[in-house]
Amino acid sequence: MELAARKGLAREGDDPKATERQHAKGKLTAHERIELLLDKGSFTEVEPLRRHRATGFGLEAKKPYGDGVITGWGTVEGRTVFVYAHDFRVFGGALGEAHATKIHKIMDMALAAGAPLVSLNDGAGARIQEGVSALAGYGGIFRRNTRASGVIPQISVMLGPCAGGAAYSPALTDFVFAVRDISQMFITGPDVVRAVTGEEISQNGLGGADVHGATSGVAHFVYDDEESCLAEVRYLLSLLPSNNRELPPVSHSGDPADRPGDALLDIVPADGNRSYDVRAVIEELVDEGEYVEVHAGWAPNIVCALARVDGRTVGVVANQPSSMAGVLDIRASEKGARFVQFCDAFNIPLVTLVDVPGFLPGVDQEHEGIIRRGAKLLYAYCNATVPRVSVVLRKAYGGAYIVMDSRSIGADIALAWPANEIAVMGAEGAANVVFRREIAASDDPEATRLEKIEQYRRELVHPYYAAERGLVDDVIDPRDTRSVLARSLAMLVSKHADLPCRKHGNPPQ
């Protein structure tokens, strides 16, 4: 049958060895990737028989079906998801006019249907033989990425090379997944770098998965193989709403909302100078201890994660005392800001766990713009209309306390543990400033300094000072934190807040 023959050729390609070469590189084919991503048997392909119409440079003699990209839709856990996947076996996955048109169509369909879009990237960039037509194709993709931003979740999965302008589409999406050894992203490749700067570097050294996961911050998630990567994409999608008009799906695990957190008493030391891993706190608070950490390898002094509390998806933002004592710096501020903005766009409540000594001091931080870049996190929280609950675990000093979703910038519920210290600065530093003359004039400056530290702590930094002034709603037993969070989020589930009428704000850059 002619139809079956054509469909078979579209799936297998016209080069029988192309699949072998793809597998030899340790890479799956586009169809194999789609089958791992979507529920079994749910994929419906769009335009599998599309061919390019370009001529010149031998293109008229080679017109494979699909033109190097597979597009369509299917389901993930029963919910509709749109997908396009570059087929590296055809023109190296390079983008031409027909290739781009297929992507434009599936992006338009995803936006119209109000369903997530996942791109499986494995392409060699613009198809040089088609010239400016290929570049215009990328422009159409970028425009659609931008229009869909904050409307439907967009996820990019890097499963091969992504060079030049092609790298900007993943950068415009909500999350970027990368796989070690096979994923590379860069604007200019190693050859250009060598020619312009004389620097010698490999493709992985310039733009590999670990580089973008830990150094540049371009990749939000990094995995060792395609199978585990695509499994995590599925799990992430299960936590997200299909679009910005829906709430995230509710999935009760059977973990009781009022489960006591006795372990929290041992996890967080009372001594503010002692370190601990805040991820252990998150595990105690969320359902079954399961969460997805975003940007785990980049700006580790702040933790951003998606999880569930009593079945409802939440975004968790937490200072990390085990990294740089949990201070806020440029990277942490930018990481937190974009995560807060994402959660706000898709109706995901925010839980903020605060243990912050302040902003990182230093000439480099000031000269590189900690003021404007640190203000991104402040702007994101102030602009967020989703339910917001903050918990001061231990210390919260200065401007960093305000920025970490304090009551004064709009947190709906502000809580604190009994050992909290909310103040302009630590008692030691404050005493040195406030009582410097008395200390200097004392016969025993050190004894006087210690006395004044204790006085400042007793009068202004005791755990109930903020509660007495209404700056926290309650001081709670750490063991009750999960149940209080669950009740607070349930109360806020129908929260509605209006922003001023405007085209858009102008956040600090």
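Index from 1, following the sequence.
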Query raised in the report: Where do C304 and K335 land on the side chain to side chain contact (heavy atoms under 4.5 Å, CB included) test, with the steps shown first?
Result: CA-CA 8 Å; C304 299; K335 171 180 170 178; 4.1 Å; yes
Requested in this report: Check the pair L489, D310 against side chain to side chain contact (heavy atoms under 4.5 Å, CB included), reporting the backbone distance first and the verdict last.
Outcome: CA-CA 9 Å; L489 293 169; D310 196 22; over 6 Å; no
Query - Step-by-step salt bridge (charged side-chain N to carboxylate O under 4.0 Å, His left out) determination, R407 to D473 - result: CA-CA 9 Å; R407 186 61 183 271; D473 294 296; 2.3 Å; yes
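Between the side chain of T313 and the backbone N or O of I348 there is no donor-acceptor pair closer than 3.5 Å. N244 places a side-chain N or O within 3.5 Å of a backbone atom of G150 that can act as its donor or acceptor partner. Side chain of S169 to main chain of A166: no donor-acceptor pair is present (N/O by atom type, distance under 3.5 Å, no hydrogens or angles). A distance-only check finds a donor-acceptor pair linking the side chain of E226 to the backbone of L28 [under 3.5 Å]. The backbone N or O of Y381 lies less than 3.5 Å from a partner atom in the side chain of R388, making a donor-acceptor pair. S149 places no side-chain N or O within 3.5 Å of a backbone atom of T146 that could act as its donor or acceptor partner.
Counting heavy-atom neighbours within 6.0 Å of R259 CZ, excluding the residue itself, gives a total above 12. With a 6.0 Å radius and a threshold of 12 heavy atoms from other residues, nucleotides or ligands, R437 has its CZ atom at or below the threshold. Other residues, nucleotides and ligands contribute over 12 non-hydrogen atoms within 6.0 Å of the CZ atom of R372. Heavy atoms from other residues, nucleotides or ligands lying under 6.0 Å from CD1 of I371 number 12 at most. The 12-atom threshold is not exceeded at OH of Y168, counting heavy atoms of other residues, nucleotides or ligands nearer than 6.0 Å. Within 6.0 Å of CG in N506 there are 12 or fewer heavy atoms belonging to other residues, nucleotides or ligands.
Q365 and D329 form no side-chain donor-acceptor contact under 3.5 Å, judged by distance and modelled atom types alone. For S228 and D225, the side-chain atoms include at least one donor-acceptor pair closer than 3.5 Å.
Residue pairs meeting the ring-ring contact (aromatic ring centres under 6.0 Å, His included) criterion with at least one partner in residues 482-509, sequence neighbours excluded, are absent. Sorted by first and then second residue, the salt bridge (Lys or Arg N to Asp or Glu O under 4.0 Å) pairs involving residues 500-509 (not counting sequence neighbours) form an empty list.
Looking at every heavy atom in both residues, I34 comes nearest to A85 through CD1-CB, 4.0 Å. What you find for S183 and N204 is that their closest heavy atoms are O-OD1, 3.8 Å.
The aromatic rings of F177 and F221 sit parallel, their planes meeting at an angle under 30°, below the 60° perpendicular limit.
Remark: R234 pairs with D39 by the salt bridge (charged side-chain N to carboxylate O under 4.0 Å, His left out) rule, at least two apart or across chains.
Relative to the six-membered ring of Y465, R469 meets both conditions, a distance below 6.0 Å and an angle of at most 45° to the axis.
Within the 4.5 Å cutoff, no side-chain heavy atoms of Q154 are placed close to those of L172. Annotation: side chain of P418 is in contact with side chain of Y464 (closest heavy-atom distance under 4.5 Å). Using a 4.5 Å heavy-atom cutoff, the side chains of W417 and I476 are in contact.
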